[in-house]
Amino acid sequence: MRTGLTKKEKTTAIYFDEYGSMIEVQTHNTDLKKRLTAFAKEHPQCCRQIDDNEQGGLTFEIEKGRLSFRLTAPYSEERRQAASEWAKKNGIGTL
């Protein structure tokens, strides 16, 4: 008998609208849960946990302006090659 959720069912959802001042984040992601929990503990005026779904997911409410998204463009071939050479020179990625 299967218990719990599959990896595909462990999602992160972010809800906000243009009117309200809060963002709702529902997540099963362990790192994000830890970061939001620590942030809520340190800044309770800006962020708070509002739900625990008892299946590993937590929901937080956080002020707009406290959560950001970062888009990163793909590396050019030259930049990728330079990073590879730097890593090899500095012994990163080798055992």
Side-chain angles (χ1 to χ4, degrees):
M1 184 168 125
R2 182 183 85 106
T3 59
L5 300 172
T6 66
K7 285 192 176 211
K8 190 172 184 174
E9 294 169 321
K10 293 180 180 181
T11 60
T12 295
I14 301 170
Y15 301 98
F16 62 94
D17 58 40
E18 298 301 319
Y19 176 76
S21 63
M22 301 301 278
I23 297 170
E24 187 175 294
V25 180
Q26 299 171 344
T27 187
H28 288 88
N29 180 280
T30 301
D31 182 57
L32 185 55
K33 288 189 300 186
K34 287 178 183 178
R35 292 172 61 196
L36 286 167
T37 299
F39 188 82
K41 191 174 200 176
E42 190 172 334
H43 305 285
Q45 72 280 12
C46 300
C47 179
R48 65 187 181 106
Q49 181 183 329
I50 59 172
D51 193 25
D52 180 341
N53 72 3
E54 303 294 330
Q55 293 184 332
L58 298 178
T59 302
F60 293 85
E61 190 174 66
I62 184 168
E63 284 182 353
K64 279 186 179 175
R66 305 291 174 203
L67 182 70
S68 66
F69 299 92
R70 183 180 68 176
L71 299 174
T72 56
Y75 282 4
S76 66
E77 185 56 40
E78 295 81 22
R79 184 172 178 188
R80 189 176 1 265
Q81 185 63 34
S84 175
E85 290 173 14
W86 182 89
K88 288 175 187 174
K89 179 181 174 185
N90 290 287
I92 297 175
T94 60
L95 297 175

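The hydrophobic side chain of Tyr19 is isolated, with no ILVMFWY side chain under 4.5 Å apart from it. Connectivity analysis of hydrophobic side chains (ILVMFWY, heavy atoms under 4.5 Å, direct or indirect) links Leu67 to Ile14, Phe16, Ile23, Val25, Leu32, Leu36, Phe39, Leu58, Phe60, Ile62, Phe69.
Looking at Asn90, its side chain never comes within 3.5 Å of a backbone N or O of Ile92 through a donor-acceptor pair. Of the possible donor and acceptor atoms, none in the side chain of Glu85 sits under 3.5 Å from a partner among the backbone N and O of Ala82.
Under the salt bridge (Lys or Arg N to Asp or Glu O under 4.0 Å) criterion, the residue pairs touching residues 64-76 are Glu63-Arg66, with sequence neighbours excluded. Residue pairs meeting the side chain to side chain donor-acceptor pair (under 3.5 Å) criterion with at least one member in residues 51-61, sequence neighbours excluded: His28-Asn53, Arg48-Glu61.
For Gln49, there are no side chain to side chain donor-acceptor pair (under 3.5 Å) partners at least two apart in sequence or on another chain. In this structure, Ala83 has no side-chain contact (heavy atoms from CB on, under 4.5 Å) partners at least two apart in sequence or on a different chain.
We find the CD-CD distance between Gln81 and Glu78 to be 9.5 Å, quoted to the nearest 0.5 Å. Separating the CE atom in Met22 from the CD atom in Glu24 is a distance of 10.0 Å, to the nearest 0.5 Å.
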- Task: Run the numbers on Ser84 and Arg80 for side chain to side chain contact (heavy atoms under 4.5 Å, CB included), then give the verdict.
- Result: CA-CA 6 Å; Ser84 175; Arg80 189 176 1 265; 5.9 Å; no
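No more than 12 heavy atoms of other residues, nucleotides or ligands sit less than 6.0 Å from atom CZ of Arg35. Counting non-hydrogen atoms of other residues, nucleotides and ligands closer than 6.0 Å to CD of Glu18 gives a total of 12 or fewer.
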